[in-house]
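Since the structure comes first, as structure tokens, the remarks are kept for the end.
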Number of protein chains: 2
Amino acid sequence: MPKQVDYEDRRRRIAEAVCLLADELGPEGVSMRDVAARAQVSVGAVQRCFRSKEEMLLFAVGHVGERLTERVSARLAADPAHALGHAIDEIALLREEHRAEARIWLAFVAQAVVREPLARTLRNSYAALEDLLTRLVAEAAGNGPADPRAEARALLALADGLTTHVLMGHLTAQAAEDVLNTHVAGLRERLRT
Amino acid sequence: MPKQVDYEDRRRRIAEAVCLLADELGPEGVSMRDVAARAQVSVGAVQRCFRSKEEMLLFAVGHVGERLTERVSARLAADPAHALGHAIDEIALLREEHRAEARIWLAFVAQAVVREPLARTLRNSYAALEDLLTRLVAEAAGNGPADPRAEARALLALADGLTTHVLMGHLTAQAAEDVLNTHVAGLRERLRT
DNA sequence: CCGGCATCGATACGATCGTATCGAAACAAG
DNA sequence: CTTGTTTCGATACGATCGTATCGATGCCGG
């Protein structure tokens, strides 16, 4: 058996390049040539890793989703007491250092509306997040008449909307954070009864 | 003075075509040729209406924003009693017949993150909506410690997030509507005190 | 050492894009 | 009718895209 290559590693490296470019130009704006240049490989190498551009984008968005859920899980394990607040805080991607990820996420969400395979991938991520939040809300609630699923959906949508508004420059990150914290506080209040 | 043409009307007709196509393929996916074909004019005619593609897209998104704010205003005038609930209901674009507009809006928002002129246009629309909602919340509130601006921001973000989740198929329109109504009900409750 | 195969990267190809160009057509003014 | 100006739509152009192709390269088993 002749030459052997670690394709998995290269796929990840390429996915990073995709993210960098998608952050700058949107996912429609990334070309195979640019990706190859950014990842410091030849175009042929990219083609051998992914059968098509679509496959490449799909892998990249999955990569981002994975990192996000990992980070949320890590936060949960580290500080179970403030689980809800911290979880939604991470999901909202408001912190400066995750601005790039937020941009990529939004870009792919917008594309997903028009490209079904992408939508499937993203729905999985959202379903996982909704389940997680639902569980956290249910745990925080005693046994009141609250509907944890509905609260989780509201939280997720609110976080997503705030992130979007920050990205467009309609809100500052601080303002969004305040709105989010207020909502979470109100939710805890409601759950306590 | 020889031949004269109503450019304003044609710009609108072309904008409609842009919306139809952007709804199907995303705004990156619309080409001048397709737009011209859809609007039943020649490519040259489109070029004479808009100096560039960017100018065309900008006009189109402005067109959509105009229609949206018009509709919200109409609702307000028609039924001032349930102003808040109806207003946010319209903004969320959850009703089936406005699904296309919602898709276009999301697509442009995603692009705006990467194209500053578009972002400016959209920020204007959002600022107008936020002001409107702030006013409605302030009117609904007596004189409690509530922060109308913050509540308006939460409402707007929640509506936007829910719309996005419906478009991706993560939530049904009904589920989103329920979440939204619950939130508005909670807000009214809070404002009453 | 060598023949064979996996991998390489450069290049070719065809399509599509936004935009520029230009002669023909259409209409008002003289 | 002729002239002058505006609008027309077809076509040309150059760039860029995703993808296919292919000879060179380098490693491994024998």
Side-chain angles (χ1 to χ4, degrees), chain A residues 1-15 17-61 107-108 110-112 114-118, chain B residues 1-15 17-61 107-108 110-112 114-118:
Chain A
M1 211 199 298
K3 224 192 258 194
Q4 284 295 357
V5 176
D6 183 353
Y7 278 101
E8 275 316 304
D9 178 69
R10 188 146 72 193
R11 283 163 80 97
R12 271 190 293 271
R13 291 240 330 277
I14 291 175
V18 170
C19 287
L20 286 177
L21 289 169
D23 175 38
E24 295 165 12
L25 315 159
E28 296 271 43
V30 320
S31 70
M32 302 295 268
R33 286 162 175 83
D34 290 346
V35 168
R38 207 46 107 83
Q40 307 204 54
V41 298
S42 68
V43 178
V46 178
Q47 290 185 272
R48 250 165 272 116
C49 280
F50 304 102
R51 257 188 293 273
S52 70
K53 185 183 184 180
E54 168 131 8
E55 191 178 306
M56 181 183 75
L57 293 177
L58 243 54
F59 181 87
V61 71
F108 280 118
Q111 281 244 314
V114 132
R115 306 202 2 191
E116 180 50 27
L118 232 179
Chain B
M1 205 198 301
K3 224 191 257 194
Q4 286 294 358
V5 176
D6 182 353
Y7 278 101
E8 275 316 304
D9 178 68
R10 187 145 74 192
R11 283 163 81 97
R12 270 190 293 272
R13 292 241 327 276
I14 291 175
V18 170
C19 288
L20 287 177
L21 290 169
D23 175 37
E24 295 166 11
L25 315 158
E28 295 271 44
V30 320
S31 69
M32 302 294 266
R33 286 162 176 84
D34 290 347
V35 168
R38 208 42 109 84
Q40 306 206 53
V41 297
S42 69
V43 179
V46 178
Q47 287 184 275
R48 250 164 272 118
C49 282
F50 304 101
R51 259 190 292 274
S52 69
K53 184 183 183 179
E54 168 131 7
E55 191 177 307
M56 181 183 75
L57 293 177
L58 243 54
F59 181 87
V61 71
F108 280 118
Q111 281 243 315
V114 130
R115 305 197 11 186
E116 179 51 27
L118 232 178

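Each chain gets a letter, A, B and so on, in the order the sequences are listed, and its residues count up from 1.
Nucleotides of DNA chain D nearest to Gln47(B) and Arg48(A) differ in position, and the one nearer the 5' end is that of Gln47(B). Looking at which nucleotide of DNA chain D each of Val43(B) and Met32(A) is closest to, the 5′-most match is held by Val43(B).
Side-chain contact between Met56(B) and Met32(B) is present, with at least one heavy-atom pair separated by less than 4.5 Å. Counting heavy atoms from C-beta on, the side chains of Leu57(B) and Leu118(B) never come closer than 4.5 Å.
Looking at Arg38(B) and Glu24(B), a side-chain N of the basic residue comes within less than 4.0 Å of a carboxylate O on the acidic one, giving a salt bridge.
Atom pair Leu25(B):CG and dT16(C):C1' shows a separation of 14 Å (rounding to whole Å applied). In this structure, Ile14(B) atom CD1 and dG18(C) atom P are separated by 14 Å, rounded to whole Å. Look at CZ on Arg11(B): it is 14 Å from P on dT7(D), rounded to the nearest Å. Rounded to whole Å, the distance from NZ on Lys53(A) to P on dA20(D) is 15 Å. Leu21(B) has its CG atom 11 Å from the P atom of dC17(C), to the nearest Å. One can place CD of Glu28(A) at 12 Å from P of dC17(C), the figure rounded to the nearest angstrom.
Phosphate contact (OP1/OP2 of dT16(D), side-chain N/O of Ser31(A), threshold under 4.0 Å): absent. For dG9(D), neither phosphate oxygen OP1 nor OP2 lies less than 4.0 angstrom from any side-chain nitrogen or oxygen of Arg33(B).
Nucleic acid contact class of Val46(B) (heavy atoms, under 4.0 Å, all strands): none. Among the protein residues, Val35(B) comes within range of no part of the nucleic acid, since none of its heavy atoms lies under 4.0 Å from any strand.
Here the side chain of Asp34(A) is nearest to one of dG9(C), dC17(D), dG18(C), namely dC17(D). When distances are taken from the side chain of Tyr7(B) to each of dG18(C), dT7(D), dT7(C), the shortest belongs to dT7(D).
The base of dG18(D) is not paired with the side chain of Arg51(A) by any donor and acceptor separated by under 3.5 Å.
When all heavy atoms of Pro27(B) and Ala107(B) are compared, the closest pair comes out as CD-CB, 3.2 Å.
Relative to the six-membered ring of Tyr7(A), Arg48(A) misses at least one condition, a distance below 6.0 Å or an angle of at most 45° to the axis.
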